[in-house]
S.K.: 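Got a structure for you, questions after.
Every chain is numbered from 1 and lettered A, B, ... according to where its sequence line falls, protein lines coming before strand lines.
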Amino acid sequence: MSEESESAGELPEYAERVLEVAELIPPGRVMTYGDVAEWLEEGGPRQVGRVMALYGGAVPWWRVVRADGQLLPGSELRALGHYREESTPLREASRAAEGHLPRLDMKRARWDGRTRTEAHN
DNA sequence: AGCGTGACGAGTA
DNA sequence: ATACTCGCCACGC
């Protein structure tokens, strides 16, 4: 018998790969959806986004972010808490407007997948 | 089979 | 800085 559908409890292979990458991202660093897709050499940012939306709860989802550094809408405060806890480079809003949360400093926080787990300061 | 939608990205105005 | 467009690909109606 040919099983084409996934058994309950098992994830699609692509999803599993995406989650695996998410778990590799060191604390204090982030990867964009596009970076993950590029690294997997499969799918695109939207596909990665879909996986994170569906199954991201099982991994450090806050380390997979948008390329523009915007915090995840709906979970901004939760994400921000993690970033402060991990000392992830943030870019504070110049105009201190309440309700205007900081964004990620992508230049410093972006992780290219190369071993460097240190030296970012 | 077409069309809209989405935890996206880059380019342009 | 924001707003809008287009490209991308999987899903659902």
Side-chain angles (χ1 to χ4, degrees):
Chain A
M1 47 279 243
S2 7
E3 285 293 298
E4 267 133 16
S5 32
E6 315 296 331
S7 319
E10 292 250 335
L11 297 171
E13 193 167 317
Y14 183 65
E16 204 172 296
R17 285 217 257 160
V18 170
L19 298 180
E20 188 178 337
V21 174
E23 291 200 313
L24 291 177
I25 306 171
R29 298 290 218 138
V30 298
M31 258 180 116
T32 72
Y33 298 94
D35 285 343
V36 174
E38 208 174 294
W39 204 42
L40 291 174
E41 293 183 311
E42 189 180 359
R46 313 212 62 145
Q47 279 53 254
V48 174
R50 169 172 294 280
V51 171
M52 292 307 290
L54 294 174
Y55 314 108
V59 297
W61 51 266
W62 59 92
R63 295 182 194 148
V64 180
V65 301
R66 280 181 68 129
D68 57 14
Q70 195 177 352
L71 301 193
L72 181 63
S75 305
E76 304 135 327
L77 295 180
R78 197 149 34 253
L80 187 56
H82 285 296
Y83 296 142
R84 298 221 146 114
E85 191 177 356
E86 299 180 358
S87 303
T88 307
L90 296 173
R91 219 191 159 158
E92 299 285 340
S94 335
R95 333 267 176 232
E98 307 182 8
H100 200 310
L101 294 166
R103 283 176 293 142
L104 286 157
D105 186 343
M106 295 308 292
K107 194 150 34 192
R108 286 192 292 167
R110 199 169 188 180
W111 183 60
D112 33 3
R114 304 193 178 209
T115 33
R116 23 206 356 255
T117 8
E118 56 171 309
H120 65 127
N121 182 289

S.K.: Please list residues of residues 55-65 of chain A whose heavy atoms come under 4.0 Å from any atom in DNA chain C, ordered by number; otherwise none.
M.R.: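 Correct list: empty, so none.
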S.K.: For A:Leu19, give me all partners under side chain to side chain contact (heavy atoms under 4.5 Å, CB included), at least two apart in sequence or on another chain.
M.R.: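 For A:Leu19, the residues satisfying side chain to side chain contact (heavy atoms under 4.5 Å, CB included) (neighbours in sequence not counted) are A:Leu11, A:Val51, A:Met52, A:Tyr55, A:Val59.
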S.K.: Once salt bridge (Lys or Arg N to Asp or Glu O under 4.0 Å) is applied, do any residues pair with A:Arg46, and if so which ones, sequence neighbours excluded?
M.R.: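 In terms of salt bridge (Lys or Arg N to Asp or Glu O under 4.0 Å), with neighbours along the sequence ignored, A:Arg46 is linked to no residue.
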S.K.: At their closest point, which heavy atom of A:Thr88 faces which heavy atom of A:Ala109, and how far apart are they?
M.R.: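 In this case the closest contact between A:Thr88 and A:Ala109 is CG2-CB, 4.0 Å.
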S.K.: Provide the start and end nucleotides, 5' to 3', of the part of DNA chain B that has atoms under 4.0 Å from heavy atoms of chain A.
M.R.: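 Contact span on the strand: B:dG6 to B:dA10.
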S.K.: Output the rounded distance in Å from CD (A:Glu38) to C1' (C:dG7).
M.R.: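 Taking CD of A:Glu38 and C1' of C:dG7, I get 15 Å after rounding.
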S.K.: Does anything in residues 31-41 of chain A form a side chain to side chain donor-acceptor pair (under 3.5 Å)? List the pairs, not counting sequence neighbours.
M.R.: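 Residue pairs passing side chain to side chain donor-acceptor pair (under 3.5 Å), neighbours aside: A:Thr32-A:Asp35, A:Asp35-A:Arg110.
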S.K.: NA contact type, A:Thr32, heavy-atom cut-off 4.0 Å: base, sugar-phosphate, or nothing?
M.R.: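 The answer is sugar-phosphate, as A:Thr32 gets under 4.0 Å only of primed atoms, P, OP1 or OP2.
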S.K.: Just wondering, do A:Glu85 and A:His82 contact through their side chains at under 4.5 Å, heavy atoms?
M.R.: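 In short, these two side chains touch, coming nearer than 4.5 Å.
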S.K.: Quick one: salt bridge (Lys or Arg N to Asp or Glu O under 4.0 Å) partners of A:Arg17, sequence neighbours excluded?
M.R.: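 With sequence neighbours excluded, A:Arg17 shows a salt bridge (Lys or Arg N to Asp or Glu O under 4.0 Å) to A:Glu42, given in chain and number order.
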S.K.: Using atom types as modelled, flag every donor-acceptor pair under 3.5 Å from a side chain in residues 61-69 of chain A to any protein atom, sequence neighbours excluded.
M.R.:
| from | atom 1 | to | atom 2 | distance (Å) |
| --- | --- | --- | --- | --- |
| A:Trp62 | NE1 | A:Glu86 | OE2 | 2.9 |
| A:Arg63 | NE | A:Glu86 | OE1 | 3.4 |
| A:Arg63 | NE | A:Glu86 | OE2 | 3.3 |
| A:Arg63 | NH1 | A:Ile25 | O | 3.1 |
| A:Arg63 | NH2 | A:Glu86 | OE2 | 2.7 |
| A:Asp68 | OD1 | A:Gln70 | N | 3.0 |

S.K.: Return the polar atom pairs (N/O with N/O) between nucleotides 8-11 of chain C and the protein under 3.5 Å, or none.
M.R.:
| from | atom 1 | to | atom 2 | distance (Å) |
| --- | --- | --- | --- | --- |
| C:dC9 | O4' | A:Gln47 | NE2 | 3.0 |
| C:dC9 | O2 | A:Gln47 | OE1 | 2.7 |

S.K.: Quick check: closest heavy atoms across A:Ala22 and A:Pro60, and the distance to 0.1 Å?
M.R.: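 Nearest pair, atom of A:Ala22 first, then A:Pro60: O-CG, 3.8 Å.
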S.K.: Apply salt bridge (Lys or Arg N to Asp or Glu O under 4.0 Å) to A:Arg84 and list each qualifying residue two or more places apart in sequence or on a separate chain.
M.R.: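 Listed in chain order: A:Glu92.
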